[in-house]
Amino acid sequence: MEIVDYVIGLDVKTVVVASLAFLLAMVYLRRRKGNLPPGPMQVPFLGSIFALNKDVRLFKVCEELAKTYGEMTTVSLGLALENLVVLNSADVVHEAFVEKKEILAGRDTSIWSFGFFTEGFKDIAFGDFGPSWKLQRKLALKAIRTYAMGTKLEQLLKSSYSDVAALLEKEKEPFYFGEYIHLMLYNIICRMAFGKSYKIDDPEFLQWRKLLTLMVEDYFQSFLPPDLLPLLEHAPIKRVASFKKSVKELHGIVYKKLKEHKATFDPDAAPRDLMDQLLLAQKESEEEEGEDTKNLLTDTHVVQTVLDVFFAGTETSSETLKWTLMYTAAYPDVQEKMHNEILDVLGGSDDLLKSKSKLTYCDAVLHEVMRLRPAVPMSLFHKVLQDTKLGKYDLPKGTIVTPNIWGIHHDPANWDSPEEFRPERFLDEHGNIHVDSKIWLPFSSGKRKCLGEALAKSDIMMIMALFFRDFKVSFPPNVTGDFEPADKIIDCHCKRQKLIIEKRKG
Ligand code: HEM
C-alpha cells in the first residue's frame, strides 16, 4: 500500500527521468559485448527493432545494412536472439565456413519450437555439432546420394511429372501455377521417402501436405511465446497447444511409416525408398562401427532425417522451380534455347539421368535463377563452438552467425550488373558450366553445407528437361510478372500469381 501511495505520489518529471535512466541502464547492460562487428542501435527487449522493422524480409534489411556496416553486421532479434552476426562479404564467409569450418559448425539449440519439433534437436539441420550429427549426416548423405543417382528417382520423378502434366494440360486460361509445382515436388519427395505412390487427391497425402505447409507457412514464420520465455511452454496458450497437436500428428505419420517399413524390410533386397536406405545405413553402421553407434542413430534419428528431407527439400526446390518458370516466361528467347537444347540432347529418348549432365544451357539458367532468387537467402544460423577471430572482430563461443547469401549474390563487387538475368555468365568460352563457389552460395558452404544439393539439382534438372520439352510458359497479356520476393522473414518465396502454360505441338 505504501509503495502504491509512493508511486502515485510521484510527479510526471520524476517518472520520465527514472524511466529514461532505466532504459539507459538496460542499453548499457545489453551493449555489444567484446569486439563484435558494428550494427544498428539496439534497445532493451526489442533489439534492432528500428532497423529491422523497415522490411519484413530479413535478407533485404541485411542487404541494406551491409552498405553501411561493411563486411559484417551485428543485429539483435530482441528476446529471441541477442546478437546475430551477419557475414556480408564472400571472403569472410569463406574464412568462416571453409577455413574455420570446424569452429563455425554448431547450431543454436535454444529455440523451444525447433527443439519440440525435432524431439530434442535429433535431426540433421538443427542438431548441434557432435558425434550423432556427424554419423547421421554421413549416413543420410550416402543414402541420399545413392538414391539421387539411381534409376529409382528417375522413375518416380517421371510418374509424378506425368500426373501433374495431365493436370496442366487441362488449364486453358491463365492460372495459379505455383500449386501444381508444389504438388509435384511434394509427391516426388513423398514417393522417394516412403515409397508410396500417392494419387494427387489421396486423403493421406493431402493431410500430410496440409500439416507440413502449416508448419512452414505459419508456425515457423514467427516465434512462439515459449521461444521467448521457455516457461510459457506449459501456459494455456491456444497457439502453442495447436502447434504441439500438429507436430504430434506429423510425427505420428512418420513413426507409422517406420513401423510398416521395419515389418517388411529386407536388407538383402534393393531399398524401396529413402526410409529403407536409412534402415540399411543404420544396420551397416552397427556392423561396421560397432554397437555403440546404436544410440547415435536411433529410430528417432531416422524419423527426424526423413522429416528434414521434407522440410529442407520441398519448399526450397519448389520455390526454385517457380522462379525458373517466372524468369523463362519473362525471357522467351532463353526458353526457346532451353527447349532446343533439350530436344537435341534427349532426342527421342527418355533417359533423363544420363542426359541431364549434357544440358549445359539449362544448367546455366538454373544457376542464374538460384543466384538471383536463392531459396534460403540467409541460410540457417550457425553457432561458434569456441572463441575465435573473424576478419578483424572477436566472436566469443556461442555467438550466432549467418551468411548473407542474398547480399553476396546481388553484390556488384562479385557480379557484373547483378540485377540482370543473364545465364551466359555461368558458361565459359567452350560452353561449359563455370561456377565460382566462393560467390555462388545457394546451398551455403563448409561443414553444414546443404545435404540435399545433389538431389535438388538432379530433381530440378530432370523436371526442367521434361517440362520445357513439353510446355511453353508465358505471362497473361499485359502482365510482366512480379519478381519481388514475398513478405517472408527468411525464405525467398515467389508471390502467388498466374501464368499461361501451353502444351507444345508435335
Ligand atoms: C533448391 C534446393 C535447396 C536449397 C537452395 C537448399 C539450401 C540449403 C541451405 C542454404 C542450407 C543451410 C546450410 C548452412 O547451414 O550453412 C541447407 C541445409 C540443409 N539442407 Fe538444403 N537446400 C535445398 C534442397 C534440399 C533438399 C532436396 C534436401 C533433402 C535431401 C535438403 C536437405 C538439407 C539438410 C538436411 C540441411 C542441413 C544440413 C546440416 O545442418 O548439416 N536440402 N540447405
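Only heavy atoms go into these numbers, but all of them, side chains included; no hydrogens, no water, no symmetry mates. Counting convention: from 1, in listed order, for ligands and their atoms alike.
Taking the ring centroids of Trp208 and Phe310, they lie under the 6.0 Å cut-off. Taking the six-membered ring for Trp and the full ring otherwise, Phe117 and Phe311 have centroids separated by under 6.0 Å.
Within the structure, ligand 1 lacks Glu319 among the residues with a heavy atom less than 4.0 angstrom away. For Phe97, the heavy-atom gap to ligand 1 stays at 4.0 angstrom or more.
Distances between N or O atoms of His382 and those of ligand 1 include at least one value under 3.5 Å. For Arg107, a nitrogen or oxygen atom sits less than 3.5 Å from a nitrogen or oxygen atom of ligand 1, counting backbone and side chain alike. Any N or O atom pair closer than 3.5 Å counts here, and Ser445 shares no such pair with ligand 1. Here's the thing with Arg137: one of its N/O atoms is less than 3.5 angstrom from an N/O atom of ligand 1. In terms of N/O distances under 3.5 Å, ligand 1 is approached by Ser444. Considering backbone and side-chain atoms alike, Ser379 places an N or O below 3.5 Å from some N or O of ligand 1. Looking at ligand 1, you'll find an N or O of Arg448 within less than 3.5 Å of one of its N or O atoms.
The nearest protein atom to atom 34 (C) of ligand 1, hydrogens excluded, is given as Leu451 CB, 3.8 Å; this is a heavy-atom distance. For atom 23 (C) of ligand 1, the nearest protein heavy atom (residue, atom name, distance) is Thr316 OG1, 3.4 Å. Scanning all protein heavy atoms for the shortest distance to atom 4 (C) of ligand 1 gives Phe443 CE2, 3.5 Å. Cys450 CA, 3.7 Å is the protein heavy atom nearest to atom 18 (C) of ligand 1. Of the protein's non-hydrogen atoms, Pro442 O, 3.5 Å is the one closest to atom 7 (C) of ligand 1. Closest to atom 32 (C) of ligand 1, if we only count protein heavy atoms, is Ala312 CB, 3.3 Å. Of all protein heavy atoms, the one lying nearest to atom 27 (C) of ligand 1 is Gly313 CA, 3.4 Å. From the protein, the heavy atom lying nearest to atom 28 (C) of ligand 1 is Gly452 CA, 3.5 Å.
Counting only heavy atoms from C-beta outward, the side chains of Val85 and Pro37 approach each other to under 4.5 Å.
When non-hydrogen atoms are compared, ligand 1 lies under 4.0 Å from the side chain of Trp133 (C-beta onward) but not from its backbone.
In this structure, Lys354 places its NZ atom where only 12 or fewer heavy-atom neighbours from other residues, nucleotides or ligands lie under 6.0 Å away.
The main-chain N or O of Leu58 is never found under 3.5 Å from a side-chain atom of Trp406 such that the two would form a donor-acceptor pair. Looking at Gln497, its side chain never comes within 3.5 Å of a backbone N or O of Tyr176 through a donor-acceptor pair. Remark: the backbone N or O of Ser76 is paired with a side-chain donor or acceptor of Ser48 at under 3.5 angstrom.
The atoms of ligand 1 that sit less than 4.0 Å from any heavy atom of Thr320 are 1 (C). Those atoms of ligand 1 with a heavy atom of Leu455 less than 4.0 angstrom away are 30 (C). Listed by number with element, the atoms of ligand 1 under 4.0 angstrom from any heavy atom of Ile144 are 30 (C).
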Determine, stepwise, if the pair Phe121 / Phe114 fulfils ring pair (Phe, Tyr, Trp, His ring centres under 6.0 Å).
-> CA-CA 7 Å; Phe121 300 98; Phe114 292 163; 7.6 Å; no

Working for ring pair (Phe, Tyr, Trp, His ring centres under 6.0 Å), residues Phe243 and Trp112 = CA-CA 12 Å; Phe243 168 74; Trp112 173 84; 5.8 Å; yes

List the steps and the verdict of ring pair (Phe, Tyr, Trp, His ring centres under 6.0 Å) for Phe194 and His261.
-> CA-CA 9 Å; Phe194 304 145; His261 273 66; 7.2 Å; no

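Scanning all heavy atoms of the two residues, the minimum distance from Cys494 to Met326 falls at SG-CG, 3.7 Å. For the pair Arg373 and Tyr327, the tightest heavy-atom approach, listed with the atom from each and the gap, is CZ-OH, 3.6 Å.
Here the rule is side-chain hydrogen bond (donor to acceptor under 3.5 Å, both in side chains) with Arg422, and of Glu424, Glu419, Glu420 only Glu420 fits it.
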